[in-house]
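Below is one structure; the comments refer to it alone.
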Amino acid sequence: MGVEGAGLAYLVSSTSRAGMDHASLPSVLSYVYETALEHVCDDEDIDYPQLVTGVQQHVTGIRSADSDKTSSSSGATASNGRLGPAVVAVDRASVCGSFSYSSDNLTIESLGNFSSCRANVAVYTGKWMYECTVLTPGIQQIGWATIHCPFTAEEGVGDAPDSYAVDGKRMRKWSVKPQPYGEPWVQGDVMGCCLDLDAGTLTFYRNGQSLGTAYDRVRTMQPSLAYFPAVSLSHTERCMLNFGAKPFMYPVVGYQPLQSPPSTAVSQEAAYYCSCFTRLCLIAAADGQDGLVFGQAGASTAAARANSTKVDDLAVGVAATDQPQPQAVTAAGALGGLGYSASGCSPRTPAAALGPPFSGSVSLSSADIVLLAAVVLEPLQQLLVSHPYLIHSALLPVLGDAQRENEPQTSRQLQLMMQLLVLVWHQEFNSIMFTVLEALAYRLVYSCSCPYRSPRIQTLYGTGFPSWHLQLGY
């Protein structure tokens, strides 16, 4: 079995794949990209510019189908009861005391005896929520407050009229006077802060479970009664705030985030690119012994098994990332053997004779795998940079599902995915993966210390969580 095309031959010729018993290159591309692409190739050549055009046309159809389902990601406006910028973060001008901040301005630690702050967005009507993850289980007052709530070295959110808070350390709710409420929180608990300004109620949730209505007479629809998310932390206490920049761990039906997620059309586009990438990597990683091998040493070993002296051209492509060329296709064009010839077509070597039921299978070179991945990874990169929310909602589940314990094929799939991401994304790879690993590092501790929460994490981040990140090698 040769080095090139072995994994593809295994999958697309399998009788378990309906309609693909006798695979052809057009049928393979149509399977990967979920659209008819017979016009962009024959059984020997792929016209990559035409392929890009065909995929873009398919994406245009996805956008058109979903364009009327949701508003754009520019954020809510005053017309629906919200005031402030589209991107929600801590308003540093509101701080009393001192905090240290994470790079995204959403994880904070009190450096003073008692430090308080507000977000940069307020709401005056409607049903709104945000989540606050308790990173240290000490004294923290988490809730909502108007701009008239004074922050001092001794008083914070909940210590003045028209401000409301919960404190799991002392099991109290606060609005001028403390009262018994709730349950003791522990490190990693996610507190949902749900404010219903239509009914005048405030309810807190712990890991998705309601603690009961805390207040049912919240003043609304009066001058200057717009409520800001607000927190007050004792010395060295830490919390992580999520106003909607990433999916909620425990969304509550009927309540909307303060920061709007990407539109349905954008989310569907990202999901499409991720699904194409997944199918391509499944094909390339399907064979258990002689699939594509990366790295110079691995390529040499595979070539020796195939009685060939040819070096895996994807290894050459990976080496090309040392050059200042941000696009995979550009790098491919600069290298003989990566398939982007002057005609725009990529020749490939026919698959080795595999025998029934693999007779007649097509072959993709490693160069093809790189370029086929680039068709979807380059526009996906642009979406992830513009909408970091999609890193959590689209990319992380794909990577999570690519690693399932006791399934060697998925391990190879994940390794292939990471190699392709490095090659295609190049300069943006580090920034995107930093967000991935930052989210994963927190959720690994979170799920291991509290196993009963794992189903929700698997829903958000894939069935392979949390073991897959150990395969990354970065």
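This one's a predicted model, so the numbers in the text were calculated from it and none came from an experiment.
- In this structure, D167 does not pair ionically with R172, as no charged nitrogen and carboxylate oxygen lie closer than 4.0 Å.
- Once rounded to the nearest 0.5 Å, the distance linking NE2 of H58 with OG1 of T53 reads 14.5 Å.
- Applying the side chain to side chain contact (heavy atoms under 4.5 Å, CB included) test between C117 and each of L233, V157, V95 identifies V95 as the sole match.
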Derivation and outcome, side chain to side chain contact (heavy atoms under 4.5 Å, CB included), residues D401 and T278: CA-CA 10 Å; D401 284 335; T278 297; over 6 Å; no

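- Here the CE atom belonging to M129 is positioned 11.0 Å from the CE atom belonging to M191, to the nearest 0.5 angstrom.
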Using the rule given for side chain to side chain donor-acceptor pair (under 3.5 Å), can you reason through S431 versus E428, listing the C-alpha separation, both sets of side-chain angles and the distance that settles it, and then say yes or no? CA-CA 6 Å; S431 62; E428 293 293 340; 3.2 Å; yes

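- Formation of a donor-acceptor pair under 3.5 Å by the T136 side chain with backbone atoms of G138 is not found in this model.
- Separation of atoms SG (C276) and CG (L377) is listed at 10.0 Å; rounding is to 0.5 Å.
- Side-chain polar atoms of Q141 and R170 form a donor-acceptor pair below 3.5 angstrom.
- For N113, the CG atom counts as loosely surrounded, since its 6.0 Å shell holds 12 or fewer non-hydrogen atoms of other residues, nucleotides or ligands.
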Y273 and V398: side chain to side chain contact (heavy atoms under 4.5 Å, CB included), yes or no, with the steps? CA-CA 11 Å; Y273 292 141; V398 166; over 6 Å; no

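- The OG atom of S94 sits 9.0 Å away from the CD1 atom of I147 when rounded to the nearest 0.5 Å.
- Neither side chain, Q209 nor Y205, offers a donor N or O lying under 3.5 Å from an acceptor on the other.
- The cationic atom of K173 (NZ for Lys, CZ for Arg) does not lie both less than 6.0 Å from the six-membered ring centre of Y164 and within 45° of the ring axis.
- The side chain to side chain donor-acceptor pair (under 3.5 Å) check on N430 picks up nothing, with sequence neighbours excluded.
- Using modelled atom types, no side-chain atom of R118 and backbone atom of V121 make a donor-acceptor pair closer than 3.5 Å.
- Listed for the S163 side chain is no donor-acceptor partner under 3.5 Å among the backbone atoms of A145.
- Contact check for L111 versus H235: no side-chain heavy atoms found under the 4.5 Å cut-off.
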Which is it for Y227 and V218 under the side chain to side chain contact (heavy atoms under 4.5 Å, CB included) test, yes or no, and what are the steps along the way? CA-CA 10 Å; Y227 290 88; V218 176; 3.6 Å; yes

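- Between I432 and Q381, the closest heavy-atom pair is CD1-CG, 4.3 Å.
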Give the intermediate values and the outcome of side chain to side chain donor-acceptor pair (under 3.5 Å) for residues Q268 and Y272. CA-CA 6 Å; Q268 291 289 341; Y272 168 73; over 6 Å; no

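- When all heavy atoms of C281 and Q413 are compared, the closest pair comes out as CB-CG, 3.9 Å.
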Side chain to side chain contact (heavy atoms under 4.5 Å, CB included), that's the test. Do V375 and L371 meet it? Break it down for me. CA-CA 6 Å; V375 169; L371 294 175; 5.9 Å; no

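- Closest of all the heavy-atom pairs between L380 and C274 is CD2-SG, 3.9 Å.
- Residue I108 holds its CD1 atom at 12.0 Å from CE of M240, rounded to the nearest 0.5 Å.
- Judged by distance alone, with hydrogens and angles left aside, the side-chain atoms of T133 form no donor-acceptor pair with the main-chain N or O of G188 at under 3.5 Å.
- Not one N or O on the side chain of N120 forms a donor-acceptor pair closer than 3.5 Å with the backbone of V88.
- Between the OG atom in S267 and the CG atom in L390 there is a gap of 5.0 Å [rounded to 0.5 Å].
- Across V32 and L280, no two heavy atoms sit closer than the pair CG1-CB, 4.1 Å.
- Panel note: side chain Y181, backbone W174; no donor-acceptor pair is recorded below 3.5 Å.
- Shown here is K169, whose NZ atom has no more than 12 heavy atoms of other residues, nucleotides or ligands within 6.0 Å.
- Judged by distance alone, with hydrogens and angles left aside, the side-chain atoms of Y124 form no donor-acceptor pair with the main-chain N or O of L197 at under 3.5 Å.
- With T125 contributing its side chain and G81 its backbone, the two residues share no donor-acceptor pair below 3.5 Å.
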For the pair R219 and D162, evaluate salt bridge (Lys or Arg N to Asp or Glu O under 4.0 Å) and give the outcome as yes or no after the intermediate values. CA-CA 7 Å; R219 292 206 301 159; D162 298 319; 2.6 Å; yes

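- With ring centers used as reference points, F243 lies 6.0 Å or more from W128.
- Between N242 and F248, the closest heavy-atom pair is O-CE2, 3.3 Å.
- For N105 (side chain) and V90 (main-chain N/O), a donor-acceptor pair under 3.5 Å exists by modelled atom type.
- Judged by distance alone, the side chain of Y255 and the main-chain N or O of C193 form no donor-acceptor pair under 3.5 Å.
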